[in-house]
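This report refers to the structure that appears directly beneath it.
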There are 2 protein chains.
Amino acid sequence: MVREEDALVIAARDVAVPVAPAGPADGCTEDLPRLMALPGLIGTRVLFGRRQEIFGADEEARSIYRVISGAVRDVTVLTDGRRQVSAFHLAGDVFGLTAGPRHSHSAEAVVETVAMVYPRRPIEDAARRDARLACTLWLAALRQLEQGQDHVLLLGRRSAVERVAAFLSEIEQRSVGSGWFVLPMTRRDIADYLGLTIETVSRAVTRLEAEGALLRAGAKRIRLRHAPLRHLMGD
Amino acid sequence: MVREEDALVIAARDVAVPVAPAGPADGCTEDLPRLMALPGLIGTRVLFGRRQEIFGADEEARSIYRVISGAVRDVTVLTDGRRQVSAFHLAGDVFGLTAGPRHSHSAEAVVETVAMVYPRRPIEDAARRDARLACTLWLAALRQLEQGQDHVLLLGRRSAVERVAAFLSEIEQRSVGSGWFVLPMTRRDIADYLGLTIETVSRAVTRLEAEGALLRAGAKRIRLRHAPLRHLMGD
DNA sequence: CGGTGTCTTGAACACAGTCAATCGGAGTGG
DNA sequence: CCACTCCGATTGACTGTGTTCAAGACACCG
């Protein structure tokens, strides 16, 4: 089994893998807002109207964005009209990061939204010189990566009711206050985020209400009851 | 609509957003292997047996990995046994990156696998000093982020046959040669990656074969016929 | 107070899941 | 070399969750 080319390989079961005595390991600054205010990184506050496109798919990625207020959706549309929302960005979130020269999806304001817009080139130039900034951008990307993995788990292995329950929990946590909160997006956005139809989302919300897992005031004003909600979330 | 606190905000439709004249924009070095060979970053070649766990969920993230040969799966298991594979890593891929101190999922060798293992702390220390390394790690994370978004689109808005067709295309592209290639993973892994059951994966492959979109030699040895395959992929 | 867009509800259907039996291929031992 | 075993893959019949198509309720705004 051990061929010559593997001669220097250590079998994982035979030896303890050499490791650093890891501590909290968050050496990078988490304070992206302040870093982005560094000299030379001049951002612009921009107001986007409801449903306004912020950038389009295949468009050159010239800017990086941070939400001040409002909500933004990342959208991919297939040629036959099927639509997928891959992420929502709320106040404080950074979006528009991409490895390549072009965006792979579009971003649209869900409601009237104010965002800081930073030109990409100067940011990347600065990141190439300032390791702290680069490290911070790395963390921002990793955090989005982990959100994406949660999303994959949601879409791959959860029922409709579980998806809607998890979605509402997520939005509640990312909204400011506790108690009542407002869904900025329509049922269509939610459905396209959860890989469902608007009818199924509607039925799931109705069912959650019937089971006592939430209270409603209109379609978008919601208050969760966490104890019964957890019961319906599976894990 | 424009309140006082928005006074300094520029409406996106009124002015051209100031942008840098963006070029190819890939200032960061893409050559992660060579960067990881920098002085001070001492990796270890480690051999993992088939199905061996490389790291577990909730385990401290002490290392970063790069696949030399073989294949690795990222796995999340819910308490009720439902299983989701969030990614496969093939030769050349970096994995084990995480923002927090702990892994959110486990990683397992799909087949006998050799990987380079780099201790995390020294890498992050170096990244905090060397902006090029930080920038490169940033790109690695962004690339995984984009793969995650493709995965979300797959799970959210594609039929079973489309998912399997897209999956086979993806593996073919990431494998070395052209023509025939080998699936290192079982039907269970594929099903858990695509959010399907093994029976549905099996039926989809059978159907793709019947429609002339692929040839089979055993369950894992495959050759794709791209023209008919595209037809069945929707977009 | 009407009009329009969004949301909810209902009934029929379809796609993928479940349960169960069979097939196939790699490895093992006689 | 063949028979046996085991695990994974395939196929079939039936079920169920979520979709589709269609109608109606609600709320927001002129």
| note | Atom CG of B:L183 and atom C1' of D:dA9 are separated, to the nearest Å, by 13 Å

| Does a side-chain N or O from A:T206 land closer than 4.0 Å to OP1 or OP2 of C:dT9, or not? | yes

| Between A:I222 and A:L183, which heavy-atom pair has the shortest distance, and what is it? | CD1-CD1, 4.2 Å

| message | Does A:R157 reach a base, just sugar-phosphate, or nothing at all? Heavy atoms under 4.0 Å. | response | nothing

| query | Does the side chain of A:S202 get closer than 4.0 angstrom to OP1 or OP2 of C:dT8 through an N or O atom? | reply | yes

| query | What does A:R163 touch in the nucleic acid at a heavy-atom separation under 4.0 angstrom: a base, only the sugar-phosphate, or nothing? | reply | nothing

| request: Report yes or no: is there a donor-acceptor pair, N or O only, under 3.5 Å between the side chain of B:R203 and the base of C:dT18? | output: yes

| Once you round it to whole Å, what is the distance between P of C:dA26 and CZ of B:R221? | 11 Å

| remark: Separation of D:dG18 atom P from A:L194 atom CG, nearest Å, is 12 Å

| query | Across the strands shown, which category fits A:I198 at heavy-atom distances under 4.0 angstrom: base, sugar-phosphate, nothing? | reply | nothing

| task | May I ask you to say what A:T186 touches in the nucleic acid, namely base, sugar-phosphate or nothing, with a heavy-atom cut-off under 4.0 Å? | result | sugar-phosphate

| message | Whole angstroms only, please: what is the CZ-P distance between B:R82 and C:dT18? | response | 10 Å

| request: Have a look at B:R51 and say if it touches a base, only the backbone sugar-phosphate, or nothing, with a 4.0 Å heavy-atom cut-off. | output: sugar-phosphate

| task | Provide the closest heavy-atom pair for B:T113 versus B:G70 in the form atom of the first, atom of the second, distance. | result | OG1-CA, 3.6 Å

| query | Taking NZ, NE, NH1 and NH2 as the nitrogens, is one of them in B:R73 or B:D192 under 4.0 Å from a carboxylate oxygen of the other? | reply | no

| request: Figure out the CZ/C1' separation between B:R216 and C:dC23, and round it to whole Å. | output: 13 Å

| query | For A:L154 and D:dG18, what is the distance between atoms CG and P respectively, to the nearest whole Å? | reply | 12 Å

| For atom CZ of B:R187 and atom C1' of D:dT10, their distance in whole Å | 9 Å

| said: To the nearest 0.5 Å, what is the distance between CD1 on A:I54 and NE2 on A:H89? | reply: 9.0 Å

| note | Closest to the 5' end of DNA chain D, once B:R50 and B:E199 are matched to their nearest nucleotides, is B:R50

| query | Tell me: CG of A:L155 to P of D:dT17, nearest whole Å? | reply | 19 Å

| field | A:F88 CZ to A:M185 CE distance, which is reported to the nearest 0.5 Å | value | 4.0 Å

